[in-house]
Each structure stands twice: as C-alpha cells, then as structure tokens.
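What follows is a set of notes on a single structure, which appears directly below.
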Amino acid sequence: MMKQHQAHRSPLDLAGVGIGPFNLSLAAHLDAVDELEARFFDQSASFSWHPGMMLPDVTLQTSFLKDLVSATHPVSPWSFLSYLVANRRFYAFLNADFPAIPRQEFASYLAWVAAGLPGLQFGAQVREVDFDGYAFAVRLDNETFSARNLALGVGLKPATPDFIDRLRPGAAFHSSRAAFEIDRCAGKRVAVIGGGQSGAEIVLNLLGRGAGAPAHVDWISMRPNFLPLDETPFTNELFTPPYVASFHSLPEARRHTTVEREKLAGDGVSAETLAAIYRRLYVLRHLESGGPSADLLPHREVINAEPRDNGCQLIMRNGMDGQVDIRKADILVLATGYRYELPPCLAPLAGRIDLDRSGRPRPGPDFAVRWDGPASARIFALNAGLLSHGIAEPQLSLMAWRSAVIANALAQRQVFDVERPEAMVQWLDAMPHEAEAGGQA
Ligand SMILES: Cc1cc2nc3c(=O)[nH]c(=O)nc-3n(C[C@H](O)[C@H](O)[C@H](O)COP(=O)(O)OP(=O)(O)OC[C@H]3O[C@@H](n4cnc5c(N)ncnc54)[C@H](O)[C@@H]3O)c2cc1C
C-alpha cells in the first residue's frame with residue numbers, strides 16, 4: 001500500500017536536498033514508514049537522469065534488479081518490475097532480453113517513480129540550510145521548511161582541469177553536456193580526454209555520426225590502455241554490504257589506497273562499448289571511405305592546453321616512453337569525471353561539519369556525517385562516502401541498501417532487514433561488529 005501523504009506539519013522528520021536516484025530511493029523507502037514525514041526538494045523543473053549523457057544506445061552498467069527498492073523492500077510499489085507492469089511492457093521487456101538495458105529505460109523508470117511518489121517537490125532549489133539548535137531551517141525561494149534531519153543527495157560536480165579557464169569560450173565542454181553540445185563537433189578536429197565509460201560513449205558516438213561526424217577524433221587516456229570494467233563475480237563482491245562493512249572499518253589512509261587500487265571495478269569501460277569502438281574503427285579504416293580519422297592515445301597525461309588559432313594546442317606526457325606529445329584540436333571534450341563538493345546551500349553549517357583531507361564529510365555506518373550539532377539532528381550524506389564506504393558509494397548497486405539503513409536509523413527500529421548476508425569472501429579475519437556496519441538501526 002502506498003502511504004497517504006499527510007498535510008504538511010512542522011517540523012519534518014527529514015528534508016532531502018536533491019532528487020537524483022539516491023534520494024529518490026530513500027524517499028521510496030520512507031514511503032513505507034508511516035510514522036515518518038519527509039519532503040524532498042530538487043532545483044530541476046522535473047526529474048531527469050543525467051540528460052547531458054543520454055546519447056543514443058547507451059546502456060545501464062548495472063542489473064535492473066539494483067533498482068530503487070528491490071534489494072531491501074521487494075514488495076514496494078516503486079520497483080522496476082512494478083514500473084514494467086504499470087506501463088504494460090513486462091512481456092515485451094522479457095522478450096527483448098537486453099544483455100544490458102537501455103539507460104533511457106532506467107531513466108524512464110526513475111521518472112515514473114518521481115511522478116508518483118508523494119512528498120517530492122521539483123522546481124525547488126534549496127538556497128540555504130541553517131540550524132537553530134533544535135531543527136534545520138531549509139530555505140527555498142519562497143518557503144522555509146523546518147526539519148529534524150537532513151539527507152544530502154545533491155550528486156557530484158563535473159571535474160575539469162584548470163587549463164580550460166585559459167581557453168576561449170566554447171573551446172571545451174564537459175561530458176555531462178555532451179548530448180547538448182556534440183553537434184558542434186561536425187567537421188572539426190576533436191580531442192576527447194578521458195578513458196572511462198563517458199569518454200568511450202562519446203568517442204563511439206562521434207565515430208558513428210555520418211554526415212555530422214568530426215573530421216578527426218583523438219581519444220586520450222591517462223590509463224596505460226583503454227581498460228575494461230571488471231564485472232567478474234569476485235570483483236562484484238566489492239558491491240555488497242559485507243565488503244562495505246569491512247572497508248568502512250579500515251583506517252582512513254588504508255581506505256584511500258584501497259579506493260585507488262579498485263578504480264577499474266567502478267570506472268572502467270564496459271566490454272561491449274570497447275568492442276563496438278574497435279569494430280567501428282575497423283570499418284572506418286578498412287571498409288568505408290570518407291569517415292572521420294581517429295587516433296587512440298592511451299598513457300597520455302594532458303599537462304596543459306593553450307589557445308591556438310580557433311582551437312587549442314594540447315601538451316601531453318606519454319607515460320610509455322616519457323616523451324612530450326603535442327596535438328591540435330578545435331574542440332576538447334572533457335570526460336574527466338566528477339568530484340564531491342559540499343553543496344553551497346550548506347555554507348551556514350560548513351565550519352561545523354568534520355571534513356577529511358579531500359574535503360568530503362565523514363559519513364558513519366548509518367551515513368550520518370560527523371558534525372558538532374546534537375546527535376538528534378543528523379545530516380545523512382549520500383554519494384559522499386567514496387572514502388568511507390568504498391567504490392560502491394557513487395554507484396546504483398547499493399542505493400537501496402543505503403536507503404534502508406538510513407530509514408532504519410531515522411525510525412530507530414529495524415523497519416527493513418539490513419542484516420549483512422553471508423560473505424562469499426572473507427575480507428578481514430575479524431569482521432567488524434554488526435552495528436558498526438549499519439546492521440542495526
Ligand atoms: C552518465 C552517467 C551514467 C551512469 N550510469 C550508471 C550505471 O549504469 N550504473 C551505476 O551503478 N551508476 C551509474 N552512474 C553513477 C550514479 O549512479 C549516478 O551518477 C547517480 O545519478 C547518482 O545519483 P545522485 O542522486 O547522487 O545524484 P544526481 O543524479 O546527480 O542528482 C542530484 C540532484 O540534486 C539536485 N540538486 C543539487 N543541488 C541542489 C539544491 N541546492 N537544491 C535542490 N536540488 C539540488 C540536482 O538538480 C540533481 O537532480 C552513472 C553516472 C553518470 C554520470
């Protein structure tokens with residue numbers, strides 16, 4: 001049964017800043033907890049999942065079973081299966097038998113949930129959050145909400161190299177804007193910087209644009225080769241609650257080195273995308289004439305870019321032989337990833353939140369960050385815990401589990417079963433205590 005949303009009373013038990021998949025999953029869990037009143041705010045006019053990377057034919061890198069709720073609340077009306085049934089496409093979806101489902105399909109599922117779930121407010125930018133000693137004051141343009149707890153689900157910010165500030169406007173765009181800007185690449189020399197999934201999807205798209213294709217594509221990666229996402233079973237164990245519990249129990253310095261070592265488990269390119277790029281290059285090189293030329297440049301660190309003519313000159317160090325390479329490009333596509341930033345609306349509280357050396361808050365086992373306010377006023381941070389909870393944190397894989405842990409913490413009872421399943425791998429000799437892993441509400 002869907003919860004009947006009560007008329008707003010003050011203060012809320014929880015105010016959510018941002019409605020991406022992560023806070024949406026939390027909202028879907030809280031919808032099943034009658035005693036809690038929550039409200040979530042997003043600055044966008046309506047739900048939209050990374051619209052700037054919604055290129056044709058892109059696919060989800062995770063199983064659709066890792067949806068907003070199924071791992072922890074499979075009877076929820078907000079599961080992917082409920083979406084298929086409600087939209088009369090259950091049988092067709094099964095028959096299509098996608099090896100990886102279209103990202104558009106998952107985005108459409110998320111938008112369906114966002115349209116049906118009560119307590120979500122779009123077109124509502126949170127301008128400022130302050131604390132009056134008892135509750136948070138969450139200020140929008142024309143309203144202020146009072147809430148006992150906060151959930152920060154504001155996502156990550158595009159990470160760009162410093163040198164782009166020196167380039168002329170329009171000479172570069174970040175991958176998060178690709179769908180809006182990619183048409184500008186027609187007939188140009190384009191350099192795509194970044195050897196992860198976004199860079200790969202953009203290169204594949206550029207090479208297949210027919211009449212609108214660029215004249216030339218350079219694909220530059222700092223990694224020593226164009227490396228695949230590792231999707232084998234023991235690597236997938238890194239995306240399970242027992243692994244997160246083991247990781248969380250490590251000292252901070254060891255967590256930093258572990259995350260670095262595990263990068264390709266979350267950031268590599270899917271094998272299908274790599275194969276599609278290779279095949280497209282083969283066709284362009286041997287079977288078709290008139291398409292774009294392309295150079296693949298792994299093991300290159302771009303150390304600078306300077307304005308030249310209408311574009312720029314890239315200076316790179318080749319990690320294989322240590323030499324400096326120079327290339328010209330009309331347009332740079334920066335598939336350079338994302339970084340965590342405490343949202344500007346938190347400025348009144350910023351000095352009170354304990355940050356690690358990378359500027360991230362420190363989420364505890366229940367995702368509440370360390371700050372100097374009373375223990376009854378918690379700030380839950382979602383997608384902030386790469387260094388506290390590991391490489392699963394920015395992915396969809398454990399979002400339902402994280403939401404269930406937070407919902408239990410808010411309700412102060414075990415509403416959802418978040419007992420750790422038996423681990424397939426014994427990561428540590430002494431497993432951390434259940435409560436430290438968020439196992440107890
Ligand atoms: C192109 C792309 C594809 C991905 N595909 C996968 C995948 O296949 N599998 C996987 O596991 N992971 C994937 N990820 C990683 C991850 O699942 C997504 O980035 C996911 O969207 C993160 O969700 P989020 O809720 O933290 O943030 P976001 O989706 O970024 O949402 C944050 C929201 O907060 C809002 N906001 C920010 N500040 C405010 C404010 N002050 N007031 C109000 N609203 C605010 C924004 O408008 C936004 O809607 C992908 C990431 C990208 C970039």
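One-based numbering, in listed order, for ligands and for the atoms of each. The first residue of the sequence shown is numbered 1, and numbering continues consecutively from there.
Residue T59 has no N or O atom closer than 3.5 Å to an N or O atom of ligand 1. Any N or O atom pair closer than 3.5 Å counts here, and C345 shares no such pair with ligand 1. Between T62 and ligand 1, a contact under 3.5 Å exists for at least one N or O pair. Considering backbone and side-chain atoms together, V17 places no N or O closer than 3.5 Å to any N or O of ligand 1. By the 3.5 Å distance cut-off applied to N or O atoms, Q61 is counted among the residues near ligand 1. Of the polar atoms of Y338, none of the N or O atoms is found under 3.5 Å from an N or O of ligand 1, judged by distance alone.
Shortest contact from atom 52 (C) of ligand 1 to any protein heavy atom: H50 CD2, 3.3 Å. When hydrogens are left out, the protein atom nearest atom 11 (O) of ligand 1 is L396 N, 2.7 Å; that is the closest non-hydrogen contact. Remark: minimum distance from atom 27 (O) of ligand 1 to any protein heavy atom is reached at G155 CA, 3.2 Å. Of the protein's non-hydrogen atoms, the one nearest atom 26 (O) of ligand 1 is N383 ND2, 2.9 Å. For atom 23 (O) of ligand 1, the closest heavy atom belonging to the protein is P21 CD, 3.4 Å. For atom 40 (C) of ligand 1, the nearest protein heavy atom (residue, atom name, distance) is Q43 OE1, 3.5 Å. Here the protein heavy atom with the shortest distance to atom 13 (C) of ligand 1 is Q395 OE1, 4.2 Å. Among protein heavy atoms, atom 25 (O) of ligand 1 sits closest to F22 N, 3.1 Å.
Checked against the 6.0 Å centroid threshold, W427 and F247 do not count as a close aromatic pair. Between F93 and F90, the distance from one ring center to the other does not fall under 6.0 angstrom.
Only the side chain of W49 comes within 4.0 Å of ligand 1, judged by heavy-atom distances. For S48, no heavy-atom contact with ligand 1 is shorter than 4.0 Å.
Each of the atoms 32 (C), 33 (C), 34 (O) of ligand 1 lies under 4.0 Å from some heavy atom of G153. Short contacts between ligand 1 and L60, defined as distances under 4.0 Å to a heavy atom of the residue, involve ligand atoms 8 (O). Short contacts between ligand 1 and V126, defined as distances under 4.0 Å to a heavy atom of the residue, involve ligand atoms 40 (C), 41 (N), 42 (N), 43 (C). For ligand 1, the atoms lying closer than 4.0 Å to a non-hydrogen atom of G18 are 34 (O), 35 (C), 36 (N), 44 (N), 45 (C). When each atom of ligand 1 is checked for a heavy atom of P394 under 4.0 Å away, the hits are 15 (C), 16 (C), 17 (O). Close approach of ligand 1 to S44 (heavy-atom distance below 4.0 Å) involves ligand atoms 47 (O). Within ligand 1, counting atoms from 1 as listed, the ones closer than 4.0 Å to a heavy atom of A124 are 43 (C). Counting atoms of ligand 1 from 1 in the listed order, those under 4.0 Å from a heavy atom of F41 are 43 (C), 44 (N).
With respect to R370 and D354, a salt bridge is recorded, a charged nitrogen being found less than 4.0 Å from a carboxylate O. Salt bridge status for E143 with R127: absent, with no side-chain N to carboxylate O gap under 4.0 Å. A salt bridge links E341 with R339: at least one charged nitrogen is closer than 4.0 Å to a carboxylate oxygen.
The shortest side-chain heavy-atom distance between W49 and P21 falls under the 4.5 Å cut-off. Using a 4.5 Å heavy-atom threshold, the side chains of H256 and R261 count as separate. Side-chain contact between M53 and S175 is present, with at least one heavy-atom pair separated by less than 4.5 Å. Between P292 and L284, the closest side-chain pair of non-hydrogen atoms falls below 4.5 Å.
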Could you walk me through whether Y83 and E105 pass the side-chain hydrogen bond (donor to acceptor under 3.5 Å, both in side chains) test, one step at a time?
CA-CA 10 Å; Y83 153 83; E105 178 81 288; 2.6 Å; yes
Set out, in order, the CA-CA distance, both residues' side-chain angles and the distance that settles ring-ring contact (aromatic ring centres under 6.0 Å, His included) for Y243 and H389, then state yes or no.
CA-CA 9 Å; Y243 181 76; H389 289 75; over 10 Å; no
Is there a ring-ring contact (aromatic ring centres under 6.0 Å, His included) between W371 and F136 once you walk through the steps?
CA-CA 13 Å; W371 79 301; F136 296 99; 5.6 Å; yes
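Taking both residues in full, the closest heavy atoms of A114 and F122 are given as CB-CZ, 4.1 Å, listed atom of the first, atom of the second, then distance.
In this comparison of L382, L26, D42, L398, the heavy atom closest to atom 46 (C) of ligand 1 sits on D42. Comparing M54, M53, E393, R103 against atom 3 (C) of ligand 1, the shortest heavy-atom distance belongs to R103.
Test I406, V405, V33 against F416 for side chain to side chain contact (heavy atoms under 4.5 Å, CB included) and you get one pass: V33.
Within the cation-pi definition used here (under 6.0 Å to the ring centroid, within 45° of the axis), R352 does not qualify as a partner of F131.
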